[in-house]
Amino acid sequence: MADIIAEIKKDYIYSLAEKDMRVDGRSLDQYRPISLETGKMGRAQGSAIVKIGNTQVIVGTKLEIGEPFPDTPNEGVLTVNAELVPLASPTFEPGPPDENAIELARVVDRGIRESDAIKLDNLCLIEGEKVWVTFVDIHVIDHDGNLIDASALGAISALLNTRLPATKVEGKEIVIEEGETVPLPVVQKPVACTFAKINGKLMLDPSLDEEHIMETRVTVTTDADGNIRAMQKGIAGYLTKEELIKAVQIARERSQELRKFL
Amino acid sequence: MADIIAEIKKDYIYSLAEKDMRVDGRSLDQYRPISLETGKMGRAQGSAIVKIGNTQVIVGTKLEIGEPFPDTPNEGVLTVNAELVPLASPTFEPGPPDENAIELARVVDRGIRESDAIKLDNLCLIEGEKVWVTFVDIHVIDHDGNLIDASALGAISALLNTRLPATKVEGKEIVIEEGETVPLPVVQKPVACTFAKINGKLMLDPSLDEEHIMETRVTVTTDADGNIRAMQKGIAGYLTKEELIKAVQIARERSQELRKFL
Amino acid sequence: MADIIAEIKKDYIYSLAEKDMRVDGRSLDQYRPISLETGKMGRAQGSAIVKIGNTQVIVGTKLEIGEPFPDTPNEGVLTVNAELVPLASPTFEPGPPDENAIELARVVDRGIRESDAIKLDNLCLIEGEKVWVTFVDIHVIDHDGNLIDASALGAISALLNTRLPATKVEGKEIVIEEGETVPLPVVQKPVACTFAKINGKLMLDPSLDEEHIMETRVTVTTDADGNIRAMQKGIAGYLTKEELIKAVQIARERSQELRKFL
Amino acid sequence: MAKVGAPEKLITKDGLRLDGRRLDEPRPVKLEVGILKRADGSAYIEQGRNKILAAVYGPRELHPRHLQKPDTALVRCRYNMSPFSVPERRRPGPDRRTIEISKVAREAFEQAIFAEHYPRAGIDIFIEVLEADAGTRCAGITAASLALADAGIPMKDLVSAIAVGKIDGQVVLDLTGIEDNYGQTDMPVAMMPRRNEITLLQMDGHFTSEEFEQALELAIKGCKILYEKQREALKTKYGGP
Amino acid sequence: MAKVGAPEKLITKDGLRLDGRRLDEPRPVKLEVGILKRADGSAYIEQGRNKILAAVYGPRELHPRHLQKPDTALVRCRYNMSPFSVPERRRPGPDRRTIEISKVAREAFEQAIFAEHYPRAGIDIFIEVLEADAGTRCAGITAASLALADAGIPMKDLVSAIAVGKIDGQVVLDLTGIEDNYGQTDMPVAMMPRRNEITLLQMDGHFTSEEFEQALELAIKGCKILYEKQREALKTKYGGP
Amino acid sequence: MAKVGAPEKLITKDGLRLDGRRLDEPRPVKLEVGILKRADGSAYIEQGRNKILAAVYGPRELHPRHLQKPDTALVRCRYNMSPFSVPERRRPGPDRRTIEISKVAREAFEQAIFAEHYPRAGIDIFIEVLEADAGTRCAGITAASLALADAGIPMKDLVSAIAVGKIDGQVVLDLTGIEDNYGQTDMPVAMMPRRNEITLLQMDGHFTSEEFEQALELAIKGCKILYEKQREALKTKYGGP
């Protein structure tokens with residue numbers, strides 16, 4: 001039965017695609033309604049709750065003092081993690097992050113890292129010894145498609161919302177100045193735009209129904225200047241050169257809408 | 001077949017319960033025969049072998065110098081761990097502790113910790129830096145019911161049996177005084193009493209046959225002064241307020257018998 | 001079907017064994033063709049590619065500065081690890097080393113360690129604090145029988161091929177002298193000879209077909225002076241005293257052939 | 001055991017607590033039902049600073065199959081905390097504490113759910129703590145109870161939960177984090193209030209037998225307060241008299 | 001972000017790279033087919049300093065059974081690095097990077113393999129990096145493609161792969177490790193060259209949209225160079241016109 | 001390799017060992033059969049300071065099912081050490097050493113057990129070391145052999161085990177921990193004494209071929225001593241002539 005319904009849904013989405021239409025009435029390059037709230041998670045240093053249609057993602061940031069990597073002794077550390085908790089979807093299983101959760105985290109991570117969104121050198125406390133480690137934890141709570149864009153938007157939003165304790169360095173000691181905080185030095189606003197390819201058409205912001213039947217998927221992360229900072233083709237299937245160029249072009253335009261929420 | 005035998009056993013235990021009787025002739029608030037030997041495990045700093053009926057548990061303690069927790073810089077650390085090794089029961093599987101082993105360890109841990117049985121501040125060597133870490137390892141070797149009471153009795157008994165090396169602090173160095181030992185500062189004797197509720201009756205120290213058919217289970221840990229230090233309802237089922245009050249009352253009385261072994 | 005072919009192969013190998021013959025025409029105490037190349041792995045400090053017949057093993061060494069074990073404060077550390085990657089055989093599964101991979105690594109490890117092949121005291125940099133840690137990683141890439149001898153030969157060969165950075169100790173600092181290297185102090189050449197017992201006959205260097213039907217297995221590791229440094233009976237089955245003495249005798253002779261490759 | 005950073009008193013001279021509550025007063029509670037689309041049932045609770053989501057999936061086909069029970073559904077529960085729910089970042093994944101809480105929370109529901117209506121099926125309860133300030137297992141159970149109702153799982157009664165404790169020697173309802181850390185006793189309780197059946201009880205600290213009885217009374221009273229709030233939340237979502 | 005030990009320039013005054021290559025020139029490539037006995041298909045690639053083995057098992061019975069698909073084979077891929085393949089010893093076992101690469105490499109092949117010819121079967125692709133110097137996922141895919149052919153797995157086309165990037169502001173083909181570390185952009189691409197179907201594309205760093213188009217062109221050109229080398233390697237092994 | 005804390009000599013001038021034993025003398029051994037209620041068979045051994053429990057479950061239904069063998073029982077063995085069995089607390093769970101010992105101990109029994117009498121079944125041998133002082137794998141095998149007999153598992157013969165070694169250049173029987181740490185050679189051996197079939201042999205250290213033969217003779221002699229003690233323990237439990 002499930003198969004028959006899936007087949008009927010697929011046929012319907014395909015036939016609409018031929019007319020450049022979608023099941024929920026959107027145009028091919030249109031996002032579902034988006035909402036974004038920041039600062040609601042009181043134990044996080046920064047947080048954002050993002051809804052894109054029915055998809056819901058919470059991102060929280062935490063800061064800890066830790067050690068730098070040996071090859072970047074005067075830079076802070078950024079760590080992005082995603083949990084696909086089973087509360088969010090009947091297909092998510094408890095356990096350590098699977099390949100989908102890892103891909104999600106790494107695509108979001110690259111968008112932030114490669115756009116130099118955070119001034120990591122401002123997060124060095126004592127060169128080679130102590131730096132701020134920024135944890136960005138993506139908690140998906142309702143999965144109705146396009147987790148990447150929701151997570152990327154939530155991540156940069158939570159980072160922009162983040163305040164870290166003011167500190168003084170006295171010799172080799174880090175002194176936290178109680179109660180005083182400064183904003184995390186975030187200087188770029190990378191935003192991810194994800195497309196499903198369905199019946200040869202690129203559909204921005206695929207819903208879960210669209211994801212179930214898409215031929216392939218591609219994500220383009222751009223910065224505020226319209227430069228490309230990260231890309232990721234996902235799942236099986238293929239794209240042509242022309243499709244990729246078109247995806248980049250649409251992403252450069254539509255990302256500005258997302259950036260208005262930041 | 002197994003099911004039929006289980007059904008017959010259950011009926012028998014239930015019908016006896018109506019007359020306040022038990023399969024092995026005990027009264028409802030009576031323990032099986034108990035034995036306790038200490039100091040037999042020559043590599044442990046303290047040890048106890050407890051038998052309650054056919055249930056057998058070995059508890060060994062080990063002491064190591066380690067770091068205190070940041071919020072209790074001048075206290076030693078207590079760690080309780082339980083292994084349900086597959087030697088002890090056909091239902092125990094090899095592998096990391098499952099929820100039953102974890103619950104067992106945590107119930108025993110809370111009894112010791114919450115009764116302030118160990119003077120943890122006496123186990124601080126250098127404030128914020130070096131303290132004694134006490135490992136209490138519960139090794140269940142024969143499971144015939146009521147592992148909690150046997151493990152709790154074994155744990156406090158092993159702790160009372162524990163001697164730690166005498167030390168001197170010289171600057172930031174801990175010097176072990178060879179051959180000299182002092183007793184672990186144990187100042188309270190918490191004891192756990194566990195009840196099965198069967199056919200509405202509370203039965204102290206359930207045997208494995210009783211555990212198989214019990215409706216619910218509750219453990220009351222008391223100190224020598226008759227105060228309640230920890231409780232745990234376990235498995236499905238429910239208790240009424242009156243049943244809980246009764247369990248507490250019996251535990252306060254019967255725990256004195258267990259405490260005679262210490 | 002597979003079973004019938006296996007049965008026919010077994011009968012054939014058994015009947016040949018009665019005439020002291022083997023499927024591939026070798027005598028009972030003869031190795032398959034052996035080849036050995038060293039130094040091909042450019043990221044390793046030392047490496048060897050060993051082929052015995054169709055069996056292929058790559059061994060690489062890496063050196064890191066680390067801490068000594070507390071009971072040997074003035075000795076370097078040796079660590080041998082084996083990965084049976086699923087590329088090498090349809091029966092190897094991805095995942096952490098299973099009992100076969102662990103046994104393989106430990107048998108090779110004991111051969112090197114117990115023959116004092118490496119002068120570990122020469123690998124101490126600062127007593128009790130800093131020593132060279134030598135990692136020997138065995139990477140099996142084609143499994144056609146007798147992994148132990150191929151791995152042991154590869155391990156000692158890679159160690160003989162290993163060069164470590166020249167260092168100076170200045171106070172408590174280790175200064176690496178850029179570009180200068182010295183050979184790892186390897187002073188003994190342990191070599192493993194493994195026998196399958198088939199139809200009561202000891203066959204040196206079993207092929208995979210022979211391993212599939214062997215009754216038991218025994219490995220004898222000798223040093224260049226003909227002394228026995230490690231032994232391991234593997235899999236089920238038994239050996240008599242006479243068989244063991246014979247295996248030792250053949251190993252002492254034939255190991256000299258292997259040692260010519262070093 | 002004097003701890004670092006302990007406040008001098010947890011109860012002020014006028015008999016109120018640091019957050020201004022009376023001793024027998026629960027924290028402000030906000031409940032919402034049906035806030036997730038994918039889950040079969042869901043609910044959200046704010047209780048003081050606690051922010052917790054609960055979702056239920058099922059009755060559904062149970063995998064792996066060897067877990068299926070021929071005469072009843074298998075009820076499973078997973079209590080989880082987000083990495084940013086506590087003062088120090090928490091490493092994702094279960095730890096000993098969350099494994100124990102998942103167990104006792106599941107056991108608190110096993111009595112309430114008519115699992116035998118769904119042989120071989122699975123009923124999965126997920127509790128996600130987003131922000132924590134003591135009493136999360138109780139608040140999570142209170143929310144999960146609504147998620148079960150929202151999923152249409154038949155139950156004997158709602159399960160309501162709240163902790164009682166002792167601070168400055170007094171028995172009080174619904175501890176905050178600071179009261180839990182520097183108080184003497186914590187006792188989480190869950191029950192089916194209309195049936196007076198207690199399905200979860202844990203306790204640690206110090207109670208005389210009199211204090212225990214007093215605390216138990218107070219916990220039951222507290223559960224009944226929560227019960228009314230749960231019913232209101234269901235009415236808000238589903239209407240009714 | 002100036003990093004420790006960075007070279008002053010990656011492109012010399014005469015427009016060549018540190019290893020003497022032109023900007024659009026791939027590293028020297030050596031390919032060998034059928035070098036392992038046990039695997040159903042295998043290949044070996046050297047590309048610059050990269051040394052990588054690929055092997056294929058299947059189509060074969062798939063375990064555990066619940067993974068079997070009624071109408072197609074399950075394609076799996078495991079990209080692994082030996083502990084001695086990188087400057088610092090690598091701990092054995094998968095990490096987040098290798099799990100992601102295994103996923104995208106598998107996805108690069110799913111389009112190419114006629115998996116539906118083998119319902120319920122498994123096709124396993126193993127990529128073992130023995131020595132690494134940037135571009136290992138692409139080189140691994142190029143080799144795995146030959147291993148699939150060597151195993152007789154029917155495919156629409158070979159998959160060829162190569163990375164492009166940007167160093168010193170210029171778009172270049174096939175980055176070395178030093179170019180990857182100190183350059184601005186890395187973009188691995190895999191495709192079926194005869195069909196012009198791109199089955200893997202990842203990118204990180206910085207491209208204007210013009211640079212992106214230029215890089216994509218160059219990647220396609222690079223894949224086609226690799227494609228010829230793959231065909232030669234198959235001819236060497238299997239002969240033919 | 002001079003180690004920290006090594007004694008000057010392991011054999012005294014009068015040719016005795018530090019604990020007063022002759023070179024060919026085993027440590028005092030105490031064996032008890034049938035000491036656990038739940039296990040199908042069990043035994044306890046004290047050998048010097050070693051204190052070890054062994055238990056056997058089976059033949060019993062084997063899970064997971066795909067492990068079942070159509071024509072024989074699967075014999076499994078788990079050698080485990082309690083955290084308090086060694087000088088430094090041992091982290092619970094298997095490590096590389098215990099995994100290898102579990103394997104060779106299982107293999108020592110596979111030859112002895114008539115596993116083919118119980119197709120599809122499982123026979124599980126558990127060895128728990130409570131206090132360790134060298135030779136625990138041998139003592140564990142000796143005890144497990146009795147547990148198998150106590151469980152009524154049919155065997156060709158009992159398996160008896162003991163280690164030999166070399167200290168101060170002399171071949172000796174049944175090393176203590178101090179002899180193992182500061183001696184030259186350790187060689188654990190297990191056999192079926194009546195059949196002269198050696199089912200476990202490991203060795204590390206240094207033996208000339210003459211020493212090896214001498215050590216093997218001594219090990220066989222030692223196994224036969226243990227064998228008599230095993231038979232006595234069974235008689236004590238089960239009576240007989």
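This is a predicted model, so every value here is computed, not measured. Letters A, B, ... mirror the listed sequences (proteins, then strands); counts begin at 1.
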Legend entry - Beyond-backbone contact of C:S89 with E:R38, side-chain heavy atoms, under 4.5 angstrom: yes
Inset, instruction - Please determine, among C:P97, C:A44, C:S47, C:G42, the option with the most heavy-atom pairs under 4.5 Å with chain E. - result: C:G42
Legend entry - C:P90, part contacting chain E, at a heavy-atom distance under 4.5 Å: both
Inset, instruction - For each of C:E64, C:Q56, C:H143, tally heavy-atom pairs with chain E at distances under 4.5 Å, and name the one with the top tally. - result: C:H143
Inset, instruction - Can you establish whether the number of heavy atoms outside E:K103 located under 6.0 Å from its atom NZ is more than 12? - result: yes
Inset, instruction - Supply the atom-to-atom distance E:N80 CG to C:H139 NE2, rounded to the nearest 0.5 angstrom. - result: 5.5 Å
Inset, instruction - Go through the atoms of E:D40 and report whether side chain, backbone, both or neither lie under 4.5 Å from a heavy atom of chain C. - result: neither
Inset, instruction - For residues E:R78 and C:G95, report the shortest heavy-atom separation together with the two atoms involved. - result: NH2-N, 4.5 Å
Inset, instruction - Sort E:R89 into side chain, backbone, both or neither according to what part of it lies under 4.5 angstrom from a heavy atom of chain C. - result: both
Inset, instruction - Name the region of E:A147, side chain, backbone, both or neither, that has any atom closer than 4.5 Å to a heavy atom of chain C. - result: neither
Legend entry - Region of E:S82 in contact with chain C, defined by heavy-atom distances below 4.5 Å: both
Inset, instruction - Report the distance from atom CZ of E:R90 to atom CZ of C:F135, rounding to the nearest 0.5 Å. - result: 13.5 Å
Legend entry - Side chain / backbone / both / neither for E:K37 at chain C, heavy atoms under 4.5 Å: both
Inset, instruction - Could you tell me which of C:I141, C:N81, C:L87, C:I58 has the largest number of non-hydrogen atom pairs under 4.5 Å with chain E? - result: C:L87
Legend entry - Part of E:I35 lying under 4.5 Å from any heavy atom of chain C: backbone
Inset, instruction - Indicate the atoms forming the closest heavy-atom contact of E:F84 with C:D137, along with that distance. - result: CE2-O, 3.5 Å
Legend entry - 4.5 Å side-chain heavy-atom contact, E:D124 and C:P86: no
Inset, instruction - Return yes if some donor-acceptor pair links the side-chain N/O of C:K62 with the main-chain N/O of E:P87 below 3.5 Å, else return no. - result: yes
Legend entry - E:E116, CD atom: more than 12 neighbouring heavy atoms under 6.0 Å: yes
Legend entry - Contacting moiety of C:L208, where chain E heavy atoms sit under 4.5 Å: side chain
